[in-house]
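This is the structure I want to talk about, given as structure tokens.
In this text, all values refer to a predicted model and were calculated from it rather than measured experimentally.
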2 protein chains.
Amino acid sequence: MTATTQQPRQNGQEQLLTPGEVAALFRVDPKTVTRWATAGRIGSIRTPGGHRRFRESEVRALLAELTNDVNRAI
Amino acid sequence: MTATTQQPRQNGQEQLLTPGEVAALFRVDPKTVTRWATAGRIGSIRTPGGHRRFRESEVRALLAELTNDVNRAI
DNA sequence: ACAAATTCGGGTAATTTGGGGC
DNA sequence: TTTGTCCAAATTACCCGAATTT
């Protein structure tokens with residue numbers, strides 16, 4: 001992905017990430033991220049054009065699980 | 001004035017958002033919001049100078065409609 | 001009236017989508 | 001079962017100069 005310029009944050013809004021950005025964080029193909037969304041493993045917001053956006057907080061939480069090698073059982 | 005500065009609402013008028021503010025909510029380019037308006041996917045109002053403004057209630061409703069959460073009981 | 005930021009337009013790259021098959 | 005890749009079509013991002021907004 002070409003490093004798209006990050007939008008300056010605005011009023012306590014939820015920061016959203018593109019499929020390419022999430023894919024880069026997990027080191028997977030963007031399509032894999034799409035599959036996670038389709039499978040309901042991660043929440044997503046659609047643009048009116050159909051493109052997906054992901055909540056940064058949710059993505060960070062998933063990343064933390066992988067980093068700590070946690071085995072669910074919440 | 002930066003995009004984050006906004007006048008508080010005074011009367012019962014509908015709050016209007018700029019293309020940049022709507023773009024931030026969906027994490028897209030402001031020009032993309034313009035295309036949505038041109039394509040009729042979202043309603044818009046024009047200033048006398050030709051700049052577009054969007055109804056906040058309509059934008060919020062659209063955002064909520066296109067949101068897919070994971071663990072969310074409606 | 002001046003300055004800074006934003007939003008016009010158009011055009012051209014880059015990304016995303018969905019399906020299908022390995 | 002999960003992931004990566006190929007494909008065509010659709011959507012979005014970045015470029016410019018000029019006009020508008022605040």
Any side-chain heavy atom of B:Leu17 within less than 4.5 Å of one from B:Arg53?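 In short, these two side chains do not touch, never coming nearer than 4.5 Å.
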Output the rounded distance in Å from CG (B:Asp29) to C1' (C:dT7).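 For the pair B:Asp29 CG and C:dT7 C1', the rounded distance is 11 Å.
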Length of the CG-P vector between B:Leu66 and D:dT12, whole Å: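 Between P of D:dT12 and CG of B:Leu66: 11 Å.
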Rounding to a whole Å, what distance do you find between B:Arg27:CZ and D:dT11:P?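 It is 20 Å, rounded to the nearest whole Å.
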Treat a base pair as Watson-Crick or G-U wobble with both distances under 3.5 Å, then lay out DNA chain D in dot-bracket form, 5' to 3', with | for cross-strand pairs. .....|||||||||||||||||
Please list residues of residues 31-46 of chain B whose heavy atoms come under 4.0 Å from any atom in DNA chain D, ordered by number; otherwise none.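 Close to the strand are B:Lys31, B:Thr32, B:Arg35, B:Trp36, B:Arg41.
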What is the distance, rounded to the nearest whole Å, between atom NE2 of B:His51 and atom P of D:dT22?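 After rounding, the reported distance stands at 9 Å.
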Less than 4.5 Å apart, side chain to side chain, heavy atoms only: is that true for A:Ile42 and A:Arg55?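 The answer is no, as the side chains (C-beta and beyond) never meet within the 4.5 Å cut-off.
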Are side-chain heavy atoms of B:Leu66 and A:Arg52 found at a separation under 4.5 Å?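 No, every pair of side-chain atoms sits at 4.5 Å or beyond.
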Determine whether a donor-acceptor pair (N or O, by modelled atom type, separation under 3.5 Å) exists between the side chain of B:Thr32 and the backbone of B:Val28.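 No, B:Thr32 side chain to B:Val28 backbone: no donor-acceptor pair under 3.5 Å.
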Can you tell me the distance, in whole Å, between the CZ atom of A:Arg53 and the P atom of C:dT16?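 Going from A:Arg53 (CZ) to C:dT16 (P), I get 7 Å.
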Quick one: closest heavy-atom pair of B:Glu21 and B:Leu16, and the distance?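 In terms of heavy atoms, the two residues are closest at OE1-O, 4.3 Å.
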Output the rounded distance in Å from CG (B:Leu17) to P (C:dT6).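 Those two atoms, CG and P, are 15 Å apart.
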Please check the phosphate of C:dT17 (OP1 and OP2 only) for any side-chain N or O of A:Arg52 closer than 4.0 Å.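 Answer yes for this pair, as a side-chain N or O of A:Arg52 is under 4.0 Å from OP1 or OP2.
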Does a side-chain heavy-atom distance below 4.5 Å link A:Glu14 with A:Ser57?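 With C-beta onward as the side chain, the pair touches.
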From C:dT15, D:dT20, D:dA13, nucleotide with atom closest to B:Thr47 side chain: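 From the listed options, D:dT20 comes nearest.
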I want to check something: taking the side chain as every heavy atom from C-beta on, are B:Phe26 and A:Pro48 in contact at a cut-off of under 4.5 Å?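 Yes; the side chains approach each other to less than 4.5 Å.
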Check: A:Gly43 main-chain N/O paired with A:Glu58 side-chain donor or acceptor under 3.5 Å: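 The answer is yes, because a donor-acceptor pair under 3.5 Å joins these two groups.
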Any salt bridge (charged side-chain N to carboxylate O under 4.0 Å, His left out) pairs touching residues 35-48 of chain B, not counting sequence neighbours?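 Every pair satisfying salt bridge (charged side-chain N to carboxylate O under 4.0 Å, His left out) with a residue in residues 35-48 of chain B: there are none.
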